[in-house]
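Labels below follow one simple rule: chain letters A, B, ... track the order of the sequence lines, proteins then strands, and each chain is numbered from 1.
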Amino acid sequence: MSTRLQKGGRLIDRSRALEFSFNGKRLMGFQGDTLASALLANDQMLLGRSFKYHRPRGLVASGAEEPNALVNLGTGARHEPNQRTTTTELFAGATATSQNHWPSLEFDLGAVNSWFARFLPGGFYYKTFIHPRFAWKHIFEPIIRQSAGLGKAPREKDADRYEQAYAFCDVLVAGGGIAGLQAALAAAGEGARVILLEQAPVWGGRAPVDGDVIDGQPAETWVKATIEALGKMGNVTLKTRCMVAGVYDHGYVLAEERVADHTPGDGRPKKRLWRIRATRIVAATGAIERPLSFAGNDIPGVMLASAVRDYVTNWAVSPGDRTVVVTNNDDAYRTALALREAGLSVPCIIDARSNADGPLPQRARALGIRVETGKAIAWVKGGKRVTGVALCLQAGEGAPLEEIGCDAVAMSGGWSPVVHLWSHCGGKLTWDAAQAMFRPDATRPPTSHDGQALVFAAGAANGALTAAEALADAARAGASAFGKQPGPHAQAAVSIEAPLEPVWIMPQGAGPGLKMKMWLDPQNDVKVSDVQLAAREGYESVEHTKRYTTLGMATDQGKLSNINGLAVLAGALNTEIPNVGTTTFRPPYAPVTIGALAGESRGDIFQPLRRSPIHGWHETHNAHFEPVGLWRRPYCFPVGGETHQQAVNREILAVRSGVGMLDASTLGKLIVKGPDAGRFLDMLYTNVMSTLPVGKCRYGLMCNEQGFLSDDGVVVRLSEDTWLCHTTTGGADRIHAHMEDWLQCEWWDWQVYVANVTEQYAQIAVAGPRARQLLERLGGMDVGKDSLPFMTHAEGTLGNFPVRVYRISFSGELSYEIAVPASLGLALWERLIEAGRDLGVIPYGTEAMHVMRAEKGFIMIGDETDGTVIPQDLNLDWAISRKKADYLGKRGQERTHLASPDRWKLAGFETLDGSVIPDGAYIIAPGVNDNGQRNTQGRVTSTYYSPTLKKGIAMGLIRGGLKRMGEVVEFNTVSGGTVRARVVDPVFYDKEGEKQNV
Amino acid sequence: MSEPVSALGHASFDGFARIREIGPLGMLTLRARPDVAGLTAALAAIGVTRPEPRRMALTGERGCGWMSPDEYLVILPYDEANAAMAALSQQLSGEHHLVANVSDARAVFRIEGAKATQVLAKLMPVDFATLAPGELRRSRAAQTAAAIWAEGDGFTLVCFRSVAQYMMGLLSHSAMPGSELF
Amino acid sequence: MKRYSVFAIAREAMNHHLGWERAWASPAPRNSYDAIIVGAGGHGLATAYYLGKNHGITNVAILEKGWLGGGNTGRNTTIIRSNYLQDASAAIYDKSLQLYENLSQDLNYNVMFSPRGLLMLAQTHHEVRGYLRTVHANMLQGVSTEFIGPAKVKELVPIINIDGPRYPVLGALYQARGGTGRHDAVAWGYARGCSAMGMHIIQNCEVRGVRQENGVVTGVETTKGFIGCKKLGLVVAGHSGQLAEMAGFRLPIEAVALQALVSEPIKPCLDVVVMANTVHGYISQSDKGEMVIGGGTDGFNNFTQRGSFHHIEETLRALVETFPVISRLKMLRQWGGIVDMTGDRSPLISKTPLGNCFINCGWGTGGFKAIPGSGWAMAELMAKGEPGPLAAEFSMWRFKEGRFIDESVAAGVAH
Amino acid sequence: MLTLECPYCGVMAEETELAPGGEAHLKRVGPGSTPEEFEAYMFARKNPKGVHFERWRHAYGCGKWFLAARCTATLEVFGTYPAQCSAPPQALQDKIRARRPDWKGF
Ligand SMILES: Cc1cc2nc3c(=O)[nH]c(=O)nc-3n(C[C@H](O)[C@H](O)[C@H](O)COP(=O)(O)OP(=O)(O)OC[C@H]3O[C@@H](n4cnc5c(N)ncnc54)[C@H](O)[C@@H]3O)c2cc1C
Ligand SMILES: NC(=O)c1ccc[n+]([C@@H]2O[C@H](COP(=O)([O-])OP(=O)(O)OC[C@H]3O[C@@H](n4cnc5c(N)ncnc54)[C@H](O)[C@@H]3O)[C@@H](O)[C@H]2O)c1
Ligand SMILES: Cc1cc2nc3c(=O)[nH]c(=O)nc-3n(C[C@H](O)[C@H](O)[C@H](O)COP(=O)(O)O)c2cc1C
Ligand SMILES: [Zn+2]
């Protein structure tokens, strides 16, 4: 039975009781408890079920390495699956439920899997469910999927908020144990800017639990004083509850701070993701105790020795009344001593070593604890809880010598340094045979941008396991990380410990029956026998073994299981552990909440939403928006109960017969100026821009070096040495960057400056036969036919607004585009709407614009082009200068495939029945190709219902282009039929341009 | 003519720091190489000091920021921008340069209070501890471009006008009471 | 080779599974082979397998510098689909999908091909048009796919946020035959198949040089010594540039990091594969319960198998917005692979300037789904010395001619 | 997550403030070039595993393009320099050779 002890508990505050619930049961804990310690205090040893066999699972550990004790925490919009109880601070009202069972934790039907365990060894699914073919999809996989996963998926949108923050430092110290503290002192003392992060809510790590004595004081006192001293230094930042999740290239460090995890709903961000740029990193992340592999080591009640000690010392919880300790090292004796000190019974210490005569074993014996050396656990007895162990010889095959009754087992197989942060960026490890551990190889560190070591391991994380060694090591690491020699450091009382003896299988000669019950990875149910099977079948690389058995792929990422797994693999392959090597350590160190990784970018600030100066007006006038890059542009402005299609049709007819206004502010506007500007534009555009007279506008095309059309727009000559280039909405930044690229990297001796003034101006297109009339109502500049003819521009005022007016048209109507400073854009727009009320002026959206330009046969970047189309394909040869020796794209267009006469070229299409050709349809050609695919000879690129012409119109590409005029071709449709259409001139409306030129 | 309006009409938010949208400010982009003759004088003629690289030289309501080796950002009262632009062009005529009025292309924010830095540290990959007095830092705030400098009891932040609302959202989210970093 | 079946398992269970034989052998290399494949990724192994199976060439070695399947084949998000736009792509990817549909049976190894359906969300009108184009093209290419409306999307993906607000879902390109597969098993299954035909899979054997005489390949220098060959296939994905350099030519290839991540496992809540290209994210839930999520590519050359973290953040932002319920899940592990990107983002299955030396690479971010089809086509190319129809368009000379196979045009990405 | 020093403004910029631009020191060929020359310029890439020269733009900063010498296998940055040059500065080449004795040279 596990209970709360009457006395003690260095981390709990007994004056502050907290109520919480587990599987609906109301339980009590104390401030300072973890969910795990509180559950254990309430005798809740059984906490979950394993992944594959649904075996009962209880606590094994007391920290981030815990593989079993995961729960669903919280409800509704605060439900969080797979929450690790050992790192969850208890708070009042916490609700937890256990995972992966049905119907209940105590009685789980899924546990039948366990009876069939021998039929379900590692990788069994690769060998079966093969026949019959349909069965995998329809029977087997659904069944496997049903049993997938641990926690329940949340159903509601997250109620919490998250944020991120940047920080910078010279030395980042990960881990606030004594090594981390000492390293921080060493670096900060030399003047380094230090950030010290500890994942737990308290400082000090293991030392206070282990009773270390530092500088003559209890470790706890030293820790407190050191934190105070560090806190007073201006160059040190301290944070608890902040887990260093990953170390990335060039010293980028990711850390997750639990801000309001333990105070849910208090309005603070649940978590904060720190993105820290550290020049150097000290990994003082401690070591993790290793389990031992004996049969039944997965039964609830079998725990790490250090965890048992933690529960007793930190939270005054006894995991059991009678605890057997099993070990291969001296450290575990501390657990026996701690248990005895708390008044609990330790029936036996089973030590696999033949001798145990160091000070710690002697103290244990002196207390009258039975110590059995050279012995092992043959198997653990119990189902949902340990009831006893069978003692045997370590050297034998597991013949039981005796049964010892107990309700908990504290096991220790030695320690593994936490080398994750060292390894994330490529730091290499070395096998320390004496301590039977992989530890950082200081000669092969991860390196940073300067090629120098990025990470320095310190303390237990570096294999310096005793407090005395850890402090010395940390002082060295802290100083070296700042490029200094180590100074004096704190001294710990030396504790003498005999060396451990590696024990990978207990007992050594265990047969297959026992090995099938020795768990390596208790969450994923990987056993010693599975690893041996993998080796036998040729999955010899440790990476194959991992993937074949799923060893170490569970939510704890093998923090407990990996080393034992490697050792077993090495044994099976008859080689040494270092030859097997480890699998790759990947971030994060422990799982990080996805919401925190998304940070603030949710809802309104998910992405920048670019708004034109007139955007608000559109919103209040019922615009239906469409995303165009990061902008949202009005697609149409439905009135009353109109559908979008109806609105679009109405808008088009209104423009064609009266006047309409389009917010064209999003068009790119680039000023290009300088003595070489003309020459530059001649290289950029396919046509000649240097000859454009001042005051005139010219449509231009831009290609990339490959020759493909990339953007178009009207170029305006503002003055002798200044041009203004309009780009598409999506093109503004891209083309600006493109221009800078060529100016800076290729023609850097040309004198040209470019300025992106896209956002300086609101731009309003006023189009339709009454456009001029509308402008004239505002008064100001002369916008008459002769003073401002088609394809010219002028500056002046309209209704006192300072404007530049361009006589350009994308709709084919009499049209003006008016540029006005952005801060006046809305006012001008409203003035025009007001002044045009009796002219029937309407706002129109992008879709009306698209249809009108299609009626005119104007191409649209992104519709007629797709990155593989050259201007020649679109019959735009008139806009390609043949005189120029060079322009971007010219050489590319000369390549055989681009110069081929067989290319698909632009034409218009009209269905024979007046219907609209489906979007995306292809023009069928006779026969099939070598791969049996139906041949094609073209495709539609723009297809609309034209309300002006009251029929479907389309543009498309067809082999032969306009040469095929008059022919009838067939487009395919998704229903399987075809649509017959005639090849026609792509200009459907006002071919002579009489409407736009008036 | 109507009065020019700033992007957000002077929206503000009071969190652990105070966020205000201000402006519109007069702003000119000047492109010219550092060795252009008369550059310093031309800037002086419109009342601003030519800045050192990466600095914002402030003088009262006016300022001039170093944006790149051949780009400056001139700040002055909104109404004076056009005149100043003309004056600069005049002064630099004959030299290769470009001046553009970008007053309306920008939104300007003030982030004020003892913890103003923390608001920005949540958004910008900038080491504020090493930001020198008068330093103009061009960088990124979350997903959009921004330039900042310390001024008075806080910072001035300039971004593109179209993303003003996004910026306001970011700054308010970051300044939310209770979310102080330290 | 002992056949795998439920009976075999039952039999072995009685014997504590002590009787299983090796899935593939680990022989020492011979002096020379009829054909050498460099790279024991999915494409290399499949090439070897079909060289044997379709063309009777079994005196083959597959040389792998690390562990087989440890390249991109072992680290991808396992998306399988064939609804590509361009004829050449649709042909080879659909061939591949057809082979996947029978692969477990063919290999007698369950590769867990899971045709659970795949959706590519359309969140702009432009994307809608692009996907409609793909649907029309696919009809003529004999590739099944359809465009579905938002209601159907919501029905297939209950956890999706269909209304935006930022990018409402306007529909999706849906391929019911698409889905996922167990990536490692694909490599292992082919390896077992190759080994059973007597081919040599030689791991921990890095090719360091290519030997040639009179413009024709004669063998390779490796960390296990020189090994001669009559024909050489370079199938090394991200390392193609290095191998090409050894063979004396240069490729239109850049190696960049592409990342992926998995969440902790949760009970099933996402039964299809979803790709959201407007916001850049794709996601599926594995049979074990983790959300398998793909990130973006770096823009710079990199061989570290680590990418830049901001791509992970961008992807997760996009997915949290699209699937708000994943916000409280946790990222369990992230990793990177080095993908080989060509000038048009389509692969090369090609002869090379070096005689009897062939290359298969450039699958970039999307070649897991192509493994069977690519192996099939590459085997034909190597066996006959000339490409068959599946490979014809994928020659490395297409760039010179400007004959691109550009898949990005239809608003899509390549995964 | 790389950091590179912008040689124009001296800012140590992180990758998210920069835009990558591919291989540096490509020699543009235009009309008149052979198909092979054009293909080599447009598509063939060194793509080395080791020392590499590449283009970056300080996109969220001064907007300038610069060049970087970086190892693609370790991500070590040997130096950055302005884009307006056709070969890496000699001093930088010397530095690289010192750090990577087996480097075959630019
Ligand atoms: C994160 C990520 C996600 C992806 N997602 C998808 C997806 O969802 N769907 C999809 O279809 N595709 C996806 N891909 C792409 C897909 O993984 C690859 O296209 C495919 O696996 C390539 O297979 P391959 O056999 O060509 O290469 P690899 O599997 O990389 O194999 C190449 C092998 O060559 C070996 N090699 C290299 N150099 C040498 C040498 N000198 N000597 C000997 N051996 C050498 C390598 O060690 C490696 O094992 C993804 C890729 C990544 C990285
Ligand atoms: N005698 C033995 O066999 C033995 C074995 C192991 C440890 N120890 C004891 O361990 C102590 C060593 O001190 P130490 O400081 O090196 O280790 P430690 O375990 O005391 O401290 C490490 C600290 O790092 C924190 N941490 C780990 N990963 C982290 C991450 N990713 N982010 C943030 N924090 C993280 C842990 O929470 C812990 O507080 C000594 O007291 C020593 O006696 C002894
Ligand atoms: C589809 C897929 C699913 C994966 N699922 C898991 C998983 O559940 N747990 C885990 O630890 N890793 C998982 N991984 C990641 C692998 O552990 C590993 O990181 C990846 O294959 C890259 O290899 P590397 O990290 O050894 O370089 C998965 C990988 C893939 C491709
Ligand atoms: Zn810069």
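Only the backbone of Met124(B) comes within less than 4.5 Å of a heavy atom in chain A; its side chain stays farther off. Heavy atoms of Thr758(A) lying under 4.5 Å from chain B are absent altogether. Interface remark: Val757(A) contributes side-chain atoms only to the contact with chain B (heavy atom separation under 4.5 Å). Using a 4.5 Å cut-off between heavy atoms, Phe606(A) touches chain B through its backbone atoms (N, CA, C, O) alone. Looking at Glu71(B), there are no atoms closer than 4.5 Å to chain A (heavy atoms on both sides), in backbone or side chain. For a residue to count as touching a neighbouring chain, one of its non-hydrogen atoms must lie under 4.5 Å from one of that chain's; by this rule Ala121(B) touches chain A with backbone and side chain alike.
Scanning both residues, Arg161(A) and His173(B), for their nearest heavy atoms gives NH1-NE2, 3.0 Å. Of all non-hydrogen atoms in Tyr78(B) and Ser823(A), the two that sit nearest each other are OH-OG, 3.0 Å.
Inspection of non-hydrogen atoms places Pro608(A), Leu609(A), Arg610(A), Arg611(A), Pro613(A) of residues 608-618 of chain A under 4.5 Å from chain B. Using non-hydrogen atoms only and a strict 4.5 Å limit, the part of residues 133-155 of chain B facing chain A consists of Arg140(B), Ala142(B), Gln143(B), Thr144(B).
Listed by chain and residue number, nothing satisfies the ring-ring contact (aromatic ring centres under 6.0 Å, His included) test with His736(A) (two or more places apart in sequence, or in another chain). When the salt bridge (charged side-chain N to carboxylate O under 4.0 Å, His left out) test is applied to Asp70(B), the partners found at least two apart in sequence or on another chain are Arg31(B), Lys64(D).
Using cut-offs of 30° and 60° on the angle between ring planes, the pair Tyr753(A) and His96(B) is parallel.
Using a 4.0 Å cut-off between charged side-chain N and carboxylate O, Lys122(B) and Glu163(A) make a salt bridge.
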